[in-house]
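Structure first, commentary second.
Lettering follows sequence order; numbering is per chain, from 1. Keep in mind it's a predicted model, so treat the numbers as computed, not measured.
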There are 2 protein chains.
Amino acid sequence: MQQPRAQEPTEAADPAWNREAWLLEPDSVQRALDVLVPRSAGQVVREAFYGTRRFDDFRRHTGLTPGVLSARLRDLTGQGILTKVAYHDTGSRGRHEYRLTDKGRDLAAAIISLLNWADRWLPTPGGPTVVLTHHGCGAAIRTEIRCAHDHPVDSLGDIQAAPGPGASLRD
Amino acid sequence: MQQPRAQEPTEAADPAWNREAWLLEPDSVQRALDVLVPRSAGQVVREAFYGTRRFDDFRRHTGLTPGVLSARLRDLTGQGILTKVAYHDTGSRGRHEYRLTDKGRDLAAAIISLLNWADRWLPTPGGPTVVLTHHGCGAAIRTEIRCAHDHPVDSLGDIQAAPGPGASLRD
DNA sequence: GTTCTGGGTATGGTTCACGGTACTCAGCCG
DNA sequence: CGGCTGAGTACCGTGAACCATACCCAGAAC
């Protein structure tokens with residue numbers, strides 16, 4: 001993204017983007033991040049992507065205590081990230097499980113980006129614990145930054161950040 | 001991603017991915033998320049992407065108190081996301097500013113994915129406050145999930161999640 | 001009717017994040 | 001010399017997040 005006060009010769013200051021002049025709240029990055037914060041919320045969403053659906057499975061996989069997990073599942077269903085679906089295993093009473101909604105599933109690009117980033121920049125001795133591949137072709141899954149015209153974006157300098165309709169002038 | 005206990009006809013249970021059998025810690029998604037948690041860390045990283053570099057600017061843009069901001073900047077430089085660079089404005093003493101490192105800049109795909117997600121699913125009355133476009137072509141910036149062979153990935157069902165080398169069998 | 005299981009609620013305590021405010025410290029400026 | 005500015009540090013209070021543990025409740029199984 002274009003940065004003001006640029007000092008590298010390859011970057012140029014953009015008069016339309018004077019960060020000081022604009023109030024950028026509510027910020028979309030922050031609002032999205034608030035879905036995955038606190039830590040326990042991120043853990044629950046991650047597990048949902050790994051296929052976990054039931055209370056006790058969430059509890060064992062995340063290590064959260066019942067109280068915290070219960071609160072988090074309530075929050076996330078309240079936000080429409082998860083939804084409660086009834087099921088009935090034969091030989092036990094009817095219960096319900098938590099599944100990702102379309103809204104939740106659409107976090108995939110963010111989750112995958114984070115997973116790729118950690119695999120690259122925070123490697124662990126044993127290697128990654130989860131590997132994502134393209135079903136059928138078997139190649140690794142990754143995310144790519146592109147524009148709506150499908151041009152690839154290789155550097156932050158190719159991205160123009162500008163105040164949108166929701167931005168207001170400071171003071 | 002493939003999910004066990006799948007009930008939709010389009011999903012199929014994958015015997016290689018029995019979530020119950022595997023211990024997936026340390027989890028890459030969680031480790032990446034921990035860089036952006038607590039909330040104040042996410043705010044600082046977001047501002048860094050918006051071009052903020054100096055202590056007082058971070059303080060005003062994020063609303064964080066000096067103590068919290070100071071701690072967060074120390075954490076993030078310690079993790080190699082930001083780096084301190086000396087500068088010297090004429091007429092004032094030499095100081096230093098905080099810039100994104102390559103490691104920090106590589107969070108771009110995650111940040112952009114989150115921004116796009118919030119713009120789609122958590123719209124605000126006034127519209128987005130920040131709009132990203134492709135410099136030159138002007139089209140909107142977005143992220144895309146692809147495989148290493150460049151096949152597009154349109155649904156989670158196209159993604160195969162499998163335990164990696166770092167995973168261990170439970171008990 | 002007692003037990004088992006899944007899915008929670010209730011209570012209590014600790015740590016951490018954060019806000020508010022005051023203070024410091026170094027150098028340039030007048 | 002005293003004041004101003006940018007960049008912090010120090011201290012204190014509050015609330016949120018989290019953990020541990022105990023308990024509860026419905027229905028099926030025995």
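Under 3.5 Å, the side chains of B:Arg74 and B:Ser70 contain a donor-acceptor pair of N or O atoms. Between the side chains of B:Thr52 and B:Asp57, not a single donor N or O lies within less than 3.5 Å of an accepting N or O.
In this structure, B:Arg53 is not positioned above the aromatic face of B:Phe58 in the sense of NZ or CZ being under 6.0 Å from the six-membered ring centre and within 45° of the axis.
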Where do N or O atoms of nucleotides 17-20 of chain C meet protein N or O atoms at under 3.5 Å, pair by pair?
| residue | atom | partner | partner atom | Å |
| --- | --- | --- | --- | --- |
| C:dC18 | OP1 | B:Ser40 | N | 3.3 |
| C:dC18 | OP2 | B:Ser40 | OG | 2.5 |

Using nucleotides 28-30 of chain C, report all nitrogen or oxygen pairs with the protein that are shorter than 3.5 Å.
| residue | atom | partner | partner atom | Å |
| --- | --- | --- | --- | --- |
| C:dC28 | O3' | B:Gly91 | O | 3.4 |

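Spacing between atom OH of A:Tyr98 and atom P of C:dG7 amounts to 9 Å, rounded to whole angstrom units. Between A:Lys84 atom NZ and C:dG6 atom P the separation is 18 Å, expressed in whole Å. For B:Arg60 and D:dT5, the CZ to P distance is 13 Å, given to the nearest whole Å. B:Asp89 places its CG atom 10 Å from the P atom of D:dG6, with the value rounded to the nearest Å. Between the CZ atom of B:Arg74 and the C1' atom of D:dT9 there is a distance of 9 Å, rounded to whole Å. The CG-C1' distance, from B:Asp56 to D:dT5, rounds to 9 Å in whole Å. Between the CZ atom of A:Arg59 and the P atom of C:dG7 there is a distance of 10 Å, given to the nearest Å. Atom CZ of A:Phe55 and atom P of C:dG6 are 13 Å apart (whole Å).
Note on A:Arg72 versus A:Asp75: salt bridge recorded, some NZ/NE/NH1/NH2 to OD/OE distance being below 4.0 Å. Ion pairing of A:Lys103 with A:Asp106 is absent here, as no side-chain N (NZ or NE/NH1/NH2) approaches a carboxylate O to less than 4.0 Å. Under the 4.0 Å criterion applied to side-chain N and carboxylate O atoms, B:Asp89 and B:Arg54 are assigned as salt-bridge partners. Between A:Asp150 and B:Arg142, at least one side-chain nitrogen of the basic residue sits less than 4.0 Å from a carboxylate oxygen of the acidic one, meeting the salt-bridge criterion. Ion pairing between a basic and an acidic side chain is recognised when a charged N comes within 4.0 Å of a carboxylate O; A:Glu97 and A:Arg99 show such pairing.
Between A:Tyr87 and C:dG7, a side-chain N or O to OP1/OP2 separation shorter than 4.0 Å is present. Close to C:dG6, at under 4.0 Å from its OP1 or OP2, lies no side-chain N or O of A:His96.
The side chain to side chain contact (heavy atoms under 4.5 Å, CB included) test with A:Asp27 is passed by exactly one of B:Arg46, B:Gln43, B:Glu47: B:Arg46.
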